[in-house]
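Working notes, structure below.
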Amino acid sequence: MENKNFRSWLDEMELNHPLVIAGPCSAETEEQVLEIAEELKNTDATVFRAGVWKPRTRPGSFEGIGAKALPWLQKVKEKTGLLIAIEIANAHHAKLALEFDVDILWIGARTTVNPFAVQEIAEAIQGTDKIVLVKNPINPDLELWIGAIERLHKMGVKNLGAIHRGFSSFRKSNYRNIPSWQIPIDLMSKYPSLPIINDPSHICGNREGIFEVSQTALDLKMNGLIIETHCDPDKAWSDAKQQIVPSRLVEIMDELKVRKPRFEKEESVSALNALRKEINAKDAQLMETLSERMLIVDNIGKAKKAANVAVLQNSRWREILEKVTKKGDEHGLSIGFIEKIFKAIHQESIAHQENIINK
Ligand code: PEP
Ligand code: MN
């Protein structure tokens with residue numbers, strides 16, 4: 001892999017299928033590692049992943065085999081031709097990874113949150129040609145994610161990429177880490193040439209959701225998938241619930257639809273352009289309506305100021321929300337969507353009236 005450009009390597013591969021990184025959450029024994037790798041050899045996977053040092057929430061659980069597992073991974077490379085990938089969390093891990101010629105190093109979600117740790121790693125691998133992937137931080141903070149990528153870039157790390165593994169949330173959800181797709185979408189718009197790999201395993205926290213999350217990632221034009229794979233997932237020493245067997249990986253890859261990046265036929269391009277014109281006209285109408293609405297909001301603000309009345313009128317706000325969600329529902333719009341839009345409108349209206357009242 002030395003001296004290879006990550007982007008062009010992906011582009012070549014994407015003609016057939018997206019990049020697939022697969023392997024166990026943790027390297028457990030030499031036999032386990034080699035058995036999984038042998039099975040993966042006959043799949044779409046080109047890279048073998050295995051955690052060697054494991055960041056665990058509570059002490060006392062399995063914290064990884066450590067450096068002893070690195071020769072096992074070298075064996076994987078020799079025997080199967082798969083490239084190898086591990087997580088690094090400090091300068092010591094980073095140096096060992098380079099020493100053992102690991103092809104892809106990734107920075108875990110718990111490390112991305114810490115600029116000191118990221119800086120230390122960046123300095124340890126300064127100027128490397130190795131592929132370095134930065135997982136999103138645990139909390140939904142795009143700037144922190146970008147900051148970590150920048151630290152590596154500044155230290156001359158050339159083959160950079162990102163991994164979207166979802167975000168921790170106090171809200172109850174079906175995901176272990178909610179995907180908040182808009183955050184990786186914002187990252188992709190800001191850095192269109194930065195490859196981004198999706199990690200459905202850590203997003204789902206279970207086996208059942210892996211296909212659907214992977215399909216969404218491909219529909220958003222993400223460049224690859226990192227999927228935890230184990231020959232006996234129930235007995236895995238970490239993340240047992242979310243690992244899948246290699247044969248399931250094959251099924252998933254067969255079922256996934258890799259769509260074309262753009263329309264190709266002349267007729268579909270012009271049909272699409274006509275529809276896009278209609279959307280643009282509707283967006284312009286929406287802007288006009290919103291600005292007219294805001295003018296009325298401002299007039300109400302002035303009336304509140306004249307009468308010395310508080311900006312927030314809770315019962316009126318409840319009445320509006322009830323009306324619009326009912327109306328939205330009649331028009332086939334989901335309640336959650338309408339609530340989100342109107343909460344944003346209400347917040348902006350309050351800010352406007354606050355301005356008026358305090359002028
Ligand atoms: C992992 O990939 O096994 C891992 C620990 O992931 P994350 O940093 O996303 O929690
Ligand atoms: Mn894991």
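Order of listing sets the numbers, starting from 1, for every ligand and every atom in it. Start at 1 with the first residue, then count along the sequence.
To the nearest 0.5 Å, atom CG of residue N299 and atom CD1 of residue I356 are 8.0 Å apart. A distance of 7.0 Å separates CG of L83 from CD1 of I131, quoted to the nearest 0.5 Å. Residue N114 holds its CG atom at 9.0 Å from CG of L144, rounded to the nearest 0.5 Å. Once rounded to the nearest 0.5 Å, the distance linking OG of S268 with CG of L275 reads 11.0 Å.
Atom OH of Y175 is surrounded by 12 or fewer heavy atoms from other residues, nucleotides or ligands within 6.0 Å.
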Worked verdict on H93 versus E87 for side-chain hydrogen bond (donor to acceptor under 3.5 Å, both in side chains): CA-CA 8 Å; H93 299 162; E87 172 175 348; over 6 Å; no

For ligand 1, run through the N/O pairs with the protein that fall under 3.5 Å and put one pair on each line.
unit_1	atom_1	unit_2	atom_2	d
ligand 1	2 (O)	R49	NH1	2.9
ligand 1	2 (O)	R49	NH2	3.4
ligand 1	2 (O)	K135	NZ	2.9
ligand 1	3 (O)	R49	NH2	2.9
ligand 1	3 (O)	K54	NZ	2.9
ligand 1	3 (O)	H202	NE2	3.3
ligand 1	3 (O)	E228	OE2	3.2
ligand 1	6 (O)	K135	NZ	2.9
ligand 1	8 (O)	A109	N	2.9
ligand 1	9 (O)	K135	NZ	2.8
ligand 1	9 (O)	R165	NE	2.7
ligand 1	10 (O)	R110	NH1	2.9
ligand 1	10 (O)	R165	NH2	2.8

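Restricting D239 to its N/O/S atoms, the shortest distance to the Mn ion (ligand 2) is reached by OD2. Of all N/O/S atoms in E228, OE2 sits nearest the Mn ion (ligand 2). Closest N/O/S atom of H202 to the Mn ion (ligand 2): NE2.
Under the 4.5 angstrom side-chain criterion for Ile, Leu, Val, Met, Phe, Trp and Tyr, the cluster partners of I357 are V311, L312, I350.
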